[in-house]
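Taking it in order: structure first as structure tokens, then the write-up.
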Amino acid sequence: MGPEKCFSAVNGGFETRSLQKGRSLVRHFQTLLGKTRAGLDLNQFRNGWNTTQNREFGVRRCYSTEETPESSTEVEVELLHPLLVQKAEQLKVEYNGLAQEMSSESGSGFDQVKATRMSRLGFVVDLFDQYESMEKEYQELLHLLNDPSLKEEAESELKSVESNLTALTATLQSKLVPTNPFVDKACILELRPGVGGSEAAIFANDLLTMYENYAIKNKWDTRMISITKTPAGNGIVEAIFNINAAGAYERLQYEGGVHRVQRIPETETKGRVHTSTAAVVVLPTEVMEPGADESKAGEEAERTFQANEVRVDVMRARGAGGQHVNTTDSAVRLTHIPSGIVVVIQDERSQHKNKAKAFTILRARLDEIERQEKVREERSKRTAQVTTTERSDKIRTYNYPQNRITDHRCGSTTYKLDDVVKGEINEFNEVVDQMDAFAKTEAMKQLLEDQASSL
């Protein structure tokens, strides 16, 4: 048998390797089975194996019933929940249908929508095909453990199959769980100090620096839309920061919420630990092409509103900034009448540029409200209550004396605070990945519950 395309647990993708040894072992077993157990096929023999299922998360454990589970060596591997298998099969049917449609319509032009959908489904279908093949091989190797002459060889092959099957299952699960529709978007971050006075303003500035450094080290295009510093200059009253990179929202979507800091301020003379907070809002926005005119993007956002939906007020800018301040009507204030949202921008000398920025921010805020409302509606349909990943008070704590960061949504803790607040890629990604894994687990539970309730 020649080399086959297989999923590798080492690199999380596909690689080419030979399955000659494992498949030969299975064929030898099937031949031996045919000689010694006439009339008993492999499916009947599988009935001698017991499969237990963890209904909460879809973990199935297999062990031989020829011995008791307590006395035998139990082999465990995570397999897809039956409902996820059903979903994968539905996607496979959809993929095959699209392939036939694209083939039959080859002479009538190219359909971009169908091609994009087919491309996205293709990777999932390939994973599922590989999963079905590898699970079958895994089950057959399990049965060989009952044959003393083949047990040692089967155990050796199982080690490789188990690791690859577990990694493949985890990857396939993440692909079958519904994803955020904004994962490919750029993002806008809004930061404001919470409780804690001047220390809260300093902490908000520290968070801004952390996100700026993380973006720079990822080679993302960044732009400060608006920033208001404290009189001392070491803190911020408000900052609106744009990261113009596809996928930036996917990495930073869980940063939205109230961040709490516990540390000794520089002005503290008695060494007491103070607690302060800062609020972060993460908004998805469209990616602007390099060299694109920002004013045109603002005009496109403006065209999405009806004529009487937004009130536009112009005024003179305030604060330090040169002769144009308090002398020209360059500042712009937008009021979205249906929702009451107000956006004020005065950073640019040009009223036209400030207006474009304001409409971009207003559009992003309204999109985020619509997304949250959709999530709430979907969650209200569930019968069981689960921990949410929505913004709430104290999503994360930064404890400087202990060099500790704790995410209160998923319960993860890391003791690399110094590196995280510096925006180091690996350490920051570690915090993000823990929350991402938790969110996907919750999303999968919701998917399973929704599908189970519809049966």
Side-chain angles (χ1 to χ4, degrees), residues 12 54-59 78 80-81 84 166-167 169-183 187 189 191 194 203 206-207 210-211 214 218 247-262 275 277-284 368 371-372 374-376 378-380 382 384-400 402-450:
N54 184 330
R55 297 184 180 274
E56 179 182 9
F57 195 66
V59 178
E78 292 188 1
L80 281 181
H81 190 283
L84 289 180
T166 298
T169 301
T171 304
L172 190 53
Q173 283 176 344
S174 66
K175 297 300 180 182
L176 293 173
V177 173
T179 58
N180 191 314
F182 301 108
V183 292
C187 69
L189 286 83
L191 298 94
F203 177 52
D206 292 341
L207 292 178
M210 176 180 72
Y211 296 131
Y214 180 70
N218 277 292
Y249 180 78
E250 180 182 16
R251 296 307 296 165
L252 299 175
Q253 59 181 315
Y254 305 115
E255 296 300 303
V258 177
H259 297 241
R260 182 178 72 173
V261 62
Q262 296 173 328
T275 299
T277 62
V280 178
V281 177
V282 185
L283 306 172
E368 176 67 2
R371 185 192 69 82
Q372 292 180 8
K374 182 179 179 180
V375 171
R376 280 194 291 268
E378 292 176 351
R379 185 172 289 119
S380 65
R382 300 175 59 192
Q385 296 294 320
V386 298
T387 306
T388 69
T389 58
E390 290 296 299
R391 291 197 293 270
S392 60
D393 290 343
K394 195 182 66 176
I395 65 166
R396 188 180 296 159
T397 293
Y398 303 73
N399 188 296
Y400 277 75
Q402 300 177 10
N403 195 36
R404 170 178 58 85
I405 293 181
T406 299
D407 195 305
H408 300 284
R409 296 165 294 183
C410 62
S412 65
T413 296
T414 181
Y415 291 90
K416 301 176 182 178
L417 183 148
D418 291 339
D419 292 328
V420 173
V421 296
K422 290 178 183 177
E424 298 293 342
I425 293 180
N426 292 335
E427 287 72 17
F428 191 93
N429 282 342
E430 181 181 338
V431 175
V432 173
D433 291 341
Q434 289 173 341
M435 183 58 209
D436 185 59
F438 170 78
K440 287 180 177 179
T441 300
E442 294 300 315
M444 185 165 63
K445 289 180 181 179
Q446 177 178 346
L447 174 65
L448 295 176
E449 289 183 11
D450 292 343

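Numbering of residues begins at 1 and proceeds along the displayed sequence.
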Would you check if the side chain of E442 reaches a backbone N or O of A439 as a donor-acceptor pair within less than 3.5 Å? no
V421 backbone acceptor or donor facing D206 side chain under 3.5 Å: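 Checked: no pair found.
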So [Y] and [X], do their side chains get closer than 4.5 Å, heavy atoms only?
X	Y	answer
Y254	F438	no
L189	L252	yes
N426	E430	no
R409	R396	yes
V431	T414	yes
H408	T397	yes
Q262	R404	yes

I395 and V258: side chain to side chain contact (heavy atoms under 4.5 Å, CB included), yes or no, with the steps? CA-CA 6 Å; I395 65 166; V258 177; 5.7 Å; no
Exercise: identify the closest heavy-atom pair between L207 and Y398: CD2-OH, 3.8 Å
Regarding [X] and [Y], is there a side-chain donor-to-acceptor distance under 3.5 Å anywhere?
X	Y	result
N429	Y214	yes
T277	H259	no
T406	T413	yes

To the nearest 0.5 Å, how far apart are CD in E250 and SG in C187? 11.5 Å
To the nearest 0.5 Å, what is the distance between CD (E255) and CE (M210)? 5.5 Å
Y400, OH: over 12 other non-hydrogen atoms inside 6.0 angstrom: yes
Pairing residues for D433 by the salt bridge (Lys or Arg N to Asp or Glu O under 4.0 Å) criterion, not counting sequence neighbours: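 If we apply the salt bridge (Lys or Arg N to Asp or Glu O under 4.0 Å) test to D433, skipping adjacent residues, the hits are R251.
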Set of side chain to side chain contact (heavy atoms under 4.5 Å, CB included) partners for E424, sequence neighbours left out: K217, D419, K422, E427
